[in-house]
Amino acid sequence: MLDFINLVKEILEDKGLTTKNLFDDGVISENTFYKYKHRYPNLATLLKIANYLCVSVDYLFGLSDENKFKPYSLKQKNLYSTIVSLIENAGLSQRQFSKDLNYSRVNLLRWKKGTSPNVQSLIEIAKYFNIPIDDLLEKE
């Protein structure tokens with residue numbers, strides 16, 4: 001797993017900012033931020049940070065050298081539909097997709113009801129379909 005804190009700090013430094021700016025501008029609390037030393041934030045927090053830094057999620061994670069930022073919608077209403085479309089376009093069943101990624105099929109049902117996948121799952125899904133994470137996410 002990538003060290004999320006250091007990824008964010010690098011981008012802040014590139015923009016002439018510090019973590020203090022992140023905290024003072026109300027993007028995230030210092031306490032919460034440092035919890036991400038060994039795990040990813042939830043999707044809403046990730047998108048809030050990406051929007052603040054004006055960077056794409058792929059750029060933030062170092063998965064792309066090109067920053068194709070467009071502001072993210074903080075409410076990812078169509079994420080489930082996007083994932084299902086990718087599954088169908090690949091000629092897979094939801095069962096096969098779940099099996100391939102070692103997900104419980106209950107995850108898909110949760111996503112259908114509006115729960116967002118965790119960030120690690122989004123990374124895995126993007127890799128599985130060989131697409132940028134940004135292709136899964138809604139923009140404003």
Side-chain angles (χ1 to χ4, degrees):
M1 165 184 271
L2 298 171
D3 182 347
F4 184 74
I5 290 173
N6 284 329
L7 294 171
V8 172
K9 283 181 176 180
E10 286 177 23
I11 301 288
L12 284 166
E13 187 177 310
D14 289 347
K15 295 185 173 286
L17 300 170
T18 67
T19 54
K20 185 169 177 11
N21 296 109
L22 199 63
F23 310 143
D24 290 349
D25 291 342
V27 178
I28 191 170
S29 73
E30 184 174 358
N31 229 9
T32 301
F33 181 70
Y34 286 107
K35 289 180 182 177
Y36 301 134
K37 178 75 177 160
H38 299 291
R39 66 181 174 99
Y40 294 114
N42 64 32
L43 181 58
T45 302
L46 173 67
L47 298 179
K48 195 174 177 183
I49 292 169
N51 282 345
Y52 177 79
L53 297 173
C54 297
V55 296
S56 71
V57 171
D58 292 288
Y59 185 80
L60 175 60
F61 286 144
L63 301 173
S64 173
D65 292 333
E66 196 174 339
N67 182 17
K68 296 181 180 180
F69 175 73
K70 290 184 183 163
Y72 295 99
S73 171
L74 295 181
K75 304 234 188 252
Q76 295 289 313
K77 296 177 186 172
N78 297 314
L79 191 52
Y80 171 77
S81 299
T82 301
I83 293 169
V84 169
S85 292
L86 287 165
I87 293 168
E88 290 172 354
N89 291 339
L92 299 168
S93 67
Q94 290 183 13
R95 174 174 288 199
Q96 184 62 49
F97 168 78
S98 297
K99 183 178 175 186
D100 288 350
L101 289 174
N102 199 29
Y103 293 160
S104 164
R105 291 191 64 217
V106 173
N107 285 349
L108 286 172
L109 294 175
R110 283 189 202 121
W111 300 344
K112 184 176 184 179
K113 292 180 181 180
T115 302
S116 295
N118 64 42
V119 172
Q120 184 62 42
S121 294
L122 285 179
I123 293 168
E124 291 167 357
I125 292 166
K127 284 182 183 176
Y128 181 80
F129 289 110
N130 197 28
I131 61 172
I133 297 167
D134 271 8
D135 287 0
L136 297 170
L137 303 171
E138 290 176 64
K139 311 300 185 299
E140 290 184 354

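Between Val84 and Leu108, every side-chain heavy-atom pair lies at or beyond the 4.5 Å cut-off. The shortest side-chain heavy-atom distance between Ile133 and Val119 does not fall under the 4.5 Å cut-off. Under the 4.5 Å side-chain criterion, counting only non-hydrogen atoms from C-beta, Val8 is not in contact with Tyr36. Counting only heavy atoms from C-beta outward, the side chains of Phe129 and Ile87 approach each other to under 4.5 Å. Val57 has its side chain out of reach of Leu136: every pair of non-hydrogen atoms, C-beta onward, lies at least 4.5 Å apart.
Taken to the nearest 0.5 Å, the CG atom of Leu12 stands 11.5 Å off from the CD1 atom of Ile5. Glu88 CD to Ser93 OG: the interatomic distance, rounded to the nearest 0.5 Å, is 10.5 Å. Rounded to the nearest 0.5 angstrom, Ile125 CD1 and Thr82 OG1 are separated by 10.5 Å. If you take CG on Asn42 and NZ on Lys48, they are separated by 10.0 Å, rounding to the nearest 0.5 Å. Separating the CZ atom in Phe61 from the CD1 atom in Ile11 is a distance of 11.0 Å, to the nearest 0.5 Å. Between the CG atom in Asp135 and the CG atom in Leu86 there is a gap of 8.0 Å [rounded to 0.5 Å].
Checked against a 6.0 Å centroid threshold, the rings of Tyr103 and Tyr128 do not count as neighbours.
More than 12 heavy atoms of other residues, nucleotides or ligands sit less than 6.0 Å from atom CG of Asn6.
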Next on the checklist: Evaluate Phe69 against Asp134 for side chain to side chain contact (heavy atoms under 4.5 Å, CB included), listing each step before the verdict.
Outcome noted: CA-CA 9 Å; Phe69 175 73; Asp134 271 8; over 6 Å; no
Checklist entry - Is there a side chain to side chain contact (heavy atoms under 4.5 Å, CB included) between Leu122 and Leu46 once you walk through the steps? => result CA-CA 12 Å; Leu122 285 179; Leu46 173 67; 5.8 Å; no
Next on the checklist: For Thr32 and Thr45: C-alpha separation, side-chain torsions, deciding distance, then whether side chain to side chain contact (heavy atoms under 4.5 Å, CB included) applies.
Outcome noted: CA-CA 10 Å; Thr32 301; Thr45 302; 5.5 Å; no
Item to check | Worked check of side chain to side chain contact (heavy atoms under 4.5 Å, CB included) between Glu30 and Thr19 | outcome: CA-CA 8 Å; Glu30 184 174 358; Thr19 54; over 6 Å; no
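Taking hydrophobic clusters as Ile, Leu, Val, Met, Phe, Trp and Tyr residues chained together by side-chain heavy-atom distances below 4.5 Å, Leu7 shares a cluster with Tyr34. When the side chains of ILVMFWY residues are joined at heavy-atom separations under 4.5 Å, either directly or via intervening members, Leu109 and Leu101 end up in two distinct hydrophobic clusters.
For Asn107 and Ser104, the side-chain atoms include no donor-acceptor pair closer than 3.5 Å.
Here the side chain of Lys139 pairs a donor or acceptor atom with the backbone of Leu137 at under 3.5 angstrom. Checked by atom type and distance alone, the side chain of Glu138 pairs as donor or acceptor with a backbone atom of Asn78 at under 3.5 Å.
Here ring pair (Phe, Tyr, Trp, His ring centres under 6.0 Å) pairs that include residues 6-26, with residues two or more places apart or in two chains, are Phe23-Phe33. Sorted by first and then second residue, the pairs that involve residues 4-26 and meet salt bridge (Lys or Arg N to Asp or Glu O under 4.0 Å), not counting sequence neighbours, are Lys20-Asp24.
Here the closest non-hydrogen pair linking Tyr72 and Ser56 is OH-CA, 3.1 Å. In terms of heavy-atom proximity, Asp65 sits nearest to Tyr59 at O-CE1, 3.5 Å. Of all the heavy atoms in Ala44 and Leu74, the pair that sits closest is O-CD2, 4.2 Å. The shortest heavy-atom contact between Asn67 and Cys54 is ND2-O, 3.0 Å.
A perpendicular orientation is assigned to the rings of Tyr40 and Phe4, their planes being inclined by more than 60° (bins at 30° and 60°).
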